[in-house]
Amino acid sequence: MRSFKTELKPSIEQIKIINQTIGVSRFTYNFYLAHNKEIHENEKRFVSGIEFSKWLNNEFIPKNPEYCWMKDVYAKATKQSIMNAEKAFKNFFKGVSKFPRFKKKKNQDVKMYFVKNDAKVIIPCERHRIKIPTLGWVTLKEYGYIPTDAIIKSGTVSIKAGRYFVSVLVVDNSSPIVPSNPNNGIGIDLGIKDFANISNVEKPIKNINKTSKVKKLEKSLKRQQRKLSKKYESLKENTRKGDATRRNISKQVLKVQKLHCRLSHIRENHINQTINTIMKQKPSFISIEDLNVRGMMKNRHLSKAIAQQCFNQFRIKLTTKCKLTGIELRIVDRFYPSSKTCSSCGKIKEDLKLSDRLYVCGCGIVMDRDKNASVNLLNALTYKVA
């Protein structure tokens with residue numbers, strides 16, 4: 001199974017249907033959370049998603065006709081939102097995540113789910129458009145990205161900063177590509193100063209957050225966020241101009257969201273380019289360190305820089321790409337002394353500080369500490385395969 005995500009160009013009528021479906025899905029999600037909390041407080045039991053769906057359609061809506069608008073949208077989208085809420089509850093019971101929270105409209109974290117209505121009929125997709133239930137044919141902005149000969153199992157339509165995206169899950173029957181260099185591997189050391197140091201590449205991969213383009217966008221983001229904060233304060237002080245101020249706030253929120261979206265796309269594109277650079281070498285295996293990102297984020301001086309590097313997103317994308325290409329991904333333990341060990345003689349330098357950017361060993365080797373760590377990760381003998 002593979003997923004593909006691209007931007008849509010929906011019509012005005014299709015935009016209305018998407019917004020309505022996402023709104024109902026968000027209401028259904030929150031309604032399930034509130035109903036479950038109430039039942040648990042009164043009856044000390046948990047309501048499953050299927051049980052709630054039957055109660056909603058057979059009892060609640062017939063007795064409360066003012067909520068009949070919940071049936072005006074794609075039924076499987078609302079059903080999926082209920083199942084997502086049930087999954088959130090189960091993850092909380094397992095101790096995997098926190099207690100599920102209510103969805104907010106401004107966060108735009110609810111999606112319109114769709115699936116093929118008939119087992120014998122596939123979701124049709126052409127080079128420039130895709131047919132989505134209740135929407136019909138929707139034009140794609142990027143032509144030829146979604147494979148037209150693949151079987152689409154399901155998909156979602158999402159909104160981000162006023163733009164509409166579709167993500168589809170297709171059946172992938174292609175076999176993994178066998179690496180051309182069976183004895184050649186590479187080690188990758190991730191960092192803050194440079195995004196990545198690759199053992200067999202002389203120059204490190206630059207940190208995209210230090211470029212003038214990103215710095216200019218972050219400066220603009222601060223300015224727009226400051227304007228938004230002032231508009232919220234003026235709304236509290238001036239109650240007479242409430243409607244006009246709220247409209248201005250909605251416009252300003254969209255400006256802030258667009259800047260956040262652009263920055264995230266720049267960082268994601270940088271990660272994709274880095275992974276392509278790695279895959280072009282066609283290694284037999286890749287070694288990376290199991291970073292404790294959550295622990296690193298507790299350092300308030302470095303938390304912002306670590307968050308901007310998107311280490312977790314890089315690892316997820318690299319893992320997916322390795323599975324598709326048949327490359328072995330080795331995860332080295334986080335306590336492995338990759339930075340303190342000499343890549344030439346194997347001696348461990350216990351007094352190495354974070355401020356020491358050069359690794360100087362008694363055997364005569366002088367190397368950048370991150371480059372030295374990438375070589376040590378390549379030669380690590382203890383690891384687990386992702």
Side-chain angles (χ1 to χ4, degrees), residues 5 7-10 12 14-37 67 69-70 72-74 77-78 80-85 87-89 91-92 97-114 135 155-167 217-239 241-268 297 303-304 307-308 310 312-313:
K5 184 177 181 180
E7 191 173 353
L8 295 173
K9 288 198 297 184
I12 297 175
Q14 290 171 340
I15 288 174
K16 290 180 180 178
I17 297 173
I18 294 171
N19 292 338
Q20 184 183 7
T21 306
I22 290 177
V24 174
S25 298
R26 181 176 57 252
F27 178 84
T28 308
Y29 184 97
N30 294 336
F31 191 22
Y32 175 68
L33 294 187
H35 180 74
N36 229 335
K37 288 176 69 176
Y67 288 95
W69 46 266
M70 295 179 66
D72 294 342
V73 299
Y74 186 53
T78 55
Q80 184 63 28
S81 67
I82 297 172
M83 303 314 295
N84 290 339
K87 185 179 179 181
F89 267 117
N91 288 337
F92 168 71
S97 61
K98 296 182 180 179
F99 190 82
R101 296 182 294 179
F102 292 98
K103 300 289 186 181
K104 295 181 180 180
K105 184 178 181 181
K106 64 178 182 179
N107 291 341
Q108 298 180 346
D109 53 356
V110 180
K111 301 174 183 178
M112 172 186 169
Y113 174 82
F114 64 90
L135 295 179
T156 56
V157 178
S158 58
I159 308 173
K160 190 175 183 180
R163 299 165 66 182
Y164 295 83
F165 297 88
V166 62
S167 177
L217 286 172
E218 287 182 342
K219 189 176 180 180
S220 177
L221 178 61
K222 286 182 181 179
R223 191 182 299 114
Q224 297 299 333
Q225 285 176 328
R226 199 177 296 118
K227 286 183 179 180
L228 180 61
S229 179
K230 289 180 180 179
K231 289 183 185 296
Y232 275 119
E233 290 181 4
S234 64
L235 179 63
K236 294 178 182 178
E237 296 173 0
N238 223 340
T239 54
K241 298 180 180 179
D243 295 337
T245 309
R246 286 189 181 91
R247 285 195 295 268
N248 291 334
I249 287 175
S250 300
K251 294 177 184 177
Q252 191 63 30
V253 166
L254 186 59
K255 289 181 181 179
V256 173
Q257 288 176 349
K258 285 182 178 180
L259 286 170
H260 275 298
C261 184
R262 192 175 178 189
L263 282 168
S264 66
H265 286 173
I266 289 172
R267 291 175 181 130
E268 185 177 3
M297 289 287 289
S303 58
K304 183 181 177 182
Q308 289 177 342
C310 307
N312 187 49
Q313 188 178 6

Working for salt bridge (Lys or Arg N to Asp or Glu O under 4.0 Å), residues E218 and R262: CA-CA 10 Å; E218 287 182 342; R262 192 175 178 189; over 6 Å; no
Name of the residue among R247, Q225, Q224 meeting side chain to side chain contact (heavy atoms under 4.5 Å, CB included) with Q252: Q224
Approximate separation, where rounding is to 0.5 Å, of D109 CG and S158 OG: 11.0 Å
Pair S220-L259, side-chain contact (heavy atoms from CB on, under 4.5 Å): steps then yes or no: CA-CA 8 Å; S220 177; L259 286 170; 3.8 Å; yes
Minimum heavy-atom distance between L254 and G162, given as atom pair plus value: CD1-N, 3.9 Å
L217 side, atom CG; L263 side, atom CG - distance, nearest 0.5 Å: 5.0 Å
Derivation and outcome, side-chain contact (heavy atoms from CB on, under 4.5 Å), residues I17 and Y74: CA-CA 9 Å; I17 297 173; Y74 186 53; over 6 Å; no
Point-to-point distance, once rounded to the nearest 0.5 Å, from CZ of R246 to CG of L235: 5.0 Å
Check: F165 and V157 side chains under 4.5 Å, non-hydrogen atoms: no
Student check: side-chain heavy atoms of W69 and V24 closer than 4.5 Å: yes
Main-chain N/O of R226 paired with S229 side-chain donor or acceptor, under 3.5 Å: no
Nearest non-hydrogen partners of S97 and A88, listed with the distance: OG-O, 4.2 Å
Parallel, tilted or perpendicular: rings of H35 and F31 (30°, 60°): perpendicular
CD1-OG1 distance between I82 and T28, expressed to the nearest 0.5 angstrom: 6.0 Å
Any donor-acceptor N or O pair under 3.5 Å, side chains Y164, N19: yes
Non-hydrogen side-chain atoms of Q20 and D72 separated by less than 4.5 Å: yes
Non-hydrogen side-chain atoms of L135 and M112 separated by less than 4.5 Å: yes
Close side-chain approach of V253 and K106, heavy atoms under 4.5 Å: no
F102/Y29 aromatic ring centres below 6.0 Å: no
Rounded distance (nearest 0.5 Å) linking atom CZ of R26 with atom NZ of K103: 10.5 Å
Check against side-chain contact (heavy atoms from CB on, under 4.5 Å), I22 and K111: CA-CA 6 Å; I22 290 177; K111 301 174 183 178; 5.9 Å; no
Shortest non-hydrogen contact between L33 and R101, atoms and distance: CD1-O, 3.5 Å
Closest non-hydrogen atom pair, K160 against S264: NZ-OG, 3.3 Å
Pairwise distance CD1(I249) to OG(S234) - rounded to 0.5 angstrom: 6.0 Å
K258, NZ: over 12 other non-hydrogen atoms inside 6.0 angstrom: no
Plane angle bin for F99 and F92 - parallel if under 30°, tilted between 30 and 60°, otherwise perpendicular: perpendicular
